[in-house]
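Counting from 1, the numbers follow the sequence of the chain as shown. Whatever order the structure lists them in is the order used to number ligands and atoms, beginning at 1.
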Amino acid sequence: MKDMKLKPAKGPVHGELDIPGDKSVSHRGVILGSLAEGTTKVTNFLTGEDCMRTVNAFKLMGVEIKENGTELTITSKGYKHFNEPVEPIYFGNSGTTARLMLGVLAGLPLFTMAYGDASLTRRPMDRVIKPLSEMGASITGRKNNTYLPLSVSGGSLKGINYTLPVKSAQVKSAILLAGILAEGETEVIEPTPTRNHSENMLEAFGANISRHNTKITVSKSSLKATDVFVPGDISSAAFFMVAAAIKPGSSLTLKNVGLNQTRTGIIDVLIEMGASVTISNQATISGELIGDITVKYGELKGATINGDIVPRLIDELPVIALLATQAEGETVISDAGELRLKETDRIEAVVDGLTRLGANVEATEDGMIIKGKSLLHGGQVKSYYDHRIAMMHAIASLVSDEEIIIDDVSSVAISYPDFFKDLAHIISE
Ligand code: S3P
């Protein structure tokens with residue numbers, strides 16, 4: 001347990017930050033680079049714990065992966081040459097590793113076992129096990145094939161037509177990955193768009209994939225090794241975007257951040273609530289739009305967040321709740337029941353923490369109602385070993401009038417190992 005005491009910040013936050021690589025894109029770079037035959041370099045790779053779980057999974061199957069800082073070099077003979085792992089694969093805290101790897105393992109003629117940490121062991125896996133079983137994989141897990149630990153006997157898959165019952169990029173990606181290893185066509189219909197990094201990267205690696213409105217079609221593919229540049233993670237940048245928006249007099253620039261349309265809901269919300277956001281230096285690299293984001297403090301007002309925007313900001317909702325405590329009026333977040341199935345129940349965790357700090361936040365079944373503006377005071381809060389809850393509370397200390405003590409911040413290593421260094425940098429600069 002590593003607790004953290006954060007003193008209230010006196011002045012505004014300002015300066016520039018290089019935001020570490022995107023977690024979602026990093027996972028996918030390792031996966032496709034390992035499935036492809038040849039050598040793939042992944043630059044600006046996120047070396048957080050979650051992405052390293054995906055790296056280790058492929059190392060166990062015999063893929064050569066060398067790490068040099070934030071550059072990965074993957075040398076693979078292609079998926080047909082993977083070894084059967086001689087030990088169970090550990091997915092740690094990483095939902096993305098678990099769901100996407102199940103898609104891959106389902107398509108390989110191997111027997112594998114997998115397990116996770118206490119949090120991941122409580123998260124539903126049936127959302128991927130069901131469609132992958134329909135494709136022909138044999139997956140057996142705890143509680144009637146719902147949870148980890150589980151075992152997979154894969155291979156000999158056939159394509160399916162599947163309409164996503166949950167708004168989940170992880171489920172979509174698991175089916176697409178199985179689909180490129182299956183006989184026949186796999187069609188996924190996605191009623192509400194979710195992050196599309198898998199589709200973008202499959203295209204870049206030469207997979208057989210086509211996209212028409214809400215329908216994505218894939219078929220058996222041999223991938224060609226392709227270098228990947230990982231943009232800065234907008235979900236990590238979000239903590240500092242909110243920091244600048246809530247602290248009077250602040251201006252912060254976050255460099256080379258991914259601006260993929262399926263991820264930029266936080267920018268729309270900040271603008272709607274009254275912060276100033278400008279984008280500069282836009283470019284497209286490895287099929288993903290990137291740019292620098294400058295956020296300045298503004299007088300904030302409440303907003304309604306629901307419907308199609310929710311998947312575009314799902315991971316940012318804890319810090320958006322903090323933002324709403326500093327806005328005049330009511331913010332109503334709904335259609336976000338998925339928050340209860342993340343690393344922890346993020347609705348309960350946010351309501352618990354912000355209430356302890358003096359905010360007016362109420363949980364609903366699928367969201368939260370926040371009434372602002374509240375002066376936050378200090379106090380003791382819990383991270384629930386959830387990286388995004390820990391970082392949200394750290395940002396709260398910028399506007400609290402006394403010290404905030406977070407019980408355990410070790411989880412920040414999952415997505416943003418240098419978070420506290422970067423936070424100190426913008427306060428003291
Ligand atoms: C992710 C998808 C989202 C997101 C998670 C990363 C991905 O999860 O919350 O942090 O990389 O595909 P869901 O697919 O469960 O919504």
Side-chain angles (χ1 to χ4, degrees), residues 20-32 45-46 48-51 53-54 91-104 116 119-120 122-132 147-148 162 164-178 188 190-202 216 228 230-231 233-239 258 260 262-266 288 308-320 335-347 349-350 366 386-389 391-392 411-412 414-416:
D22 188 276
K23 183 157 78 69
S24 296
V25 178
S26 295
H27 281 295
R28 287 154 173 83
V30 179
I31 294 172
L32 297 196
F45 177 75
L46 174 66
E49 284 175 8
D50 270 15
C51 298
R53 302 291 176 208
T54 302
F91 294 151
N93 191 249
S94 178
T96 308
T97 307
R99 272 72 174 251
L100 272 57
M101 285 308 299
L102 285 176
V104 171
S119 154
L120 193 61
R122 286 191 295 270
R123 297 177 67 187
M125 295 298 144
D126 50 336
R127 50 182 56 198
V128 292
I129 293 174
K130 278 183 187 150
L132 295 172
Y147 299 109
L148 293 167
Y162 197 73
L164 290 176
V166 276
K167 299 170 197 166
S168 166
Q170 293 178 354
V171 176
K172 171 178 65 175
S173 302
I175 301 168
L176 294 177
L177 288 167
V188 180
E190 184 176 46
T192 307
T194 63
R195 66 192 66 193
N196 60 7
H197 306 298
S198 297
E199 297 92 303
N200 293 345
M201 208 182 281
L202 280 166
I216 309 148
V228 175
V230 181
D233 196 331
I234 192 164
S235 298
S236 297
F239 295 99
N260 180 315
T262 61
R263 299 285 300 280
T264 49
I266 176 73
E288 295 283 349
D308 283 3
I309 198 172
V310 171
R312 297 179 54 230
L313 46 66
I314 187 74
D315 290 340
E316 289 64 80
L317 285 170
V319 82
I320 287 174
D335 298 329
E338 280 289 307
L339 285 179
R340 295 197 181 273
L341 304 173
K342 296 295 177 189
E343 285 81 335
T344 188
D345 177 337
R346 286 187 174 157
I347 295 178
V350 165
D366 66 346
D386 181 322
H387 52 133
R388 302 205 194 277
I389 300 296
M391 291 188 275
M392 179 276 281
S411 59
V412 304
I414 281 167
S415 65
Y416 202 156

### Query
What protein heavy atom sits nearest atom 1 (C) of ligand 1, and how far off is it?
Gln170 NE2, 3.6 Å

### Donor-acceptor contact present, side-chain Asn196 to main-chain Glu199, <3.5 Å
no

### Task
Over all heavy atoms of both residues, which pair between Lys23 and Cys51 is shortest? Give the atoms and the distance, please.
O-SG, 3.7 Å

### Task
Identify the protein heavy atom lying closest to atom 4 (C) of ligand 1, giving its residue, its atom name and the separation to 0.1 Å.
Asp315 OD2, 3.3 Å

### Message
So which atom in Ser168 and which in Leu164 form the shortest heavy-atom distance, rounded to 0.1 Å?
### Response
O-CD1, 4.1 Å

### Task
Could you establish whether His197 and ligand 1 come within less than 4.0 Å of each other, counting only heavy atoms on the residue side?
no

### Task
Run the salt-bridge test on Arg122 and Asp345 with the 4.0 Å N-O cut-off and return the result as yes or no.
no

### Query
Nearest to atom 12 (O) of ligand 1, what protein heavy atom do you find, and at what distance?
Arg28 NH2, 2.6 Å

### Message
As an exercise, identify every atom of ligand 1 less than 4.0 angstrom from a heavy atom of Lys167.
### Response
16 (O)

### Task
Check the pair Asp233, Arg263 against salt bridge (charged side-chain N to carboxylate O under 4.0 Å, His left out), reporting the backbone distance first and the verdict last.
CA-CA 10 Å; Asp233 196 331; Arg263 299 285 300 280; 3.0 Å; yes

### Query
Quick one: does His27 get a heavy atom under 4.0 Å from ligand 1?
no

### Query
What's the shortest distance from atom 14 (O) of ligand 1 to any protein heavy atom, and which residue and atom give it?
Ser168 OG, 2.7 Å

### Query
Closest non-hydrogen protein atom to atom 11 (O) of ligand 1, residue and atom name please, with distance?
Ser24 OG, 2.7 Å

## Note on the structure
Between Glu338 and the options Arg123, Arg346, Arg127, Lys167, the salt bridge (Lys or Arg N to Asp or Glu O under 4.0 Å) test singles out Arg127

## Note on the structure
Here the pair of heavy atoms bringing Pro311 nearest to Thr194 is CB-CG2, 4.1 Å

### Message
Using every non-hydrogen atom in the two residues, find where Leu46 and Pro20 come nearest and quote the distance to one decimal.
### Response
CD1-CB, 4.1 Å

### Message
Suppose I only count heavy atoms of Lys23 and a 4.0 Å limit; which atoms of ligand 1 are within that range?
### Response
10 (O)

### Task
Note the single closest protein heavy atom to atom 3 (C) of ligand 1, along with its residue, its atom name and the distance in Å.
Lys342 NZ, 3.9 Å

### Task
Considering the heavy atoms of Ala169, write down every atom of ligand 1 situated less than 4.0 Å from one of them.
12 (O), 14 (O)

### Query
Any N or O on Arg195 sitting closer than 3.5 Å to an N or O of ligand 1?
no

### Task
Taking all heavy atoms of Ser236 and all of Tyr416, pick out the closest pair and write down the distance.
CB-CD1, 3.6 Å

### Nearest-option assignment for atom 6 (C) of ligand 1, heavy atoms, candidates Leu317, Ile314, Thr96, Leu164
Thr96

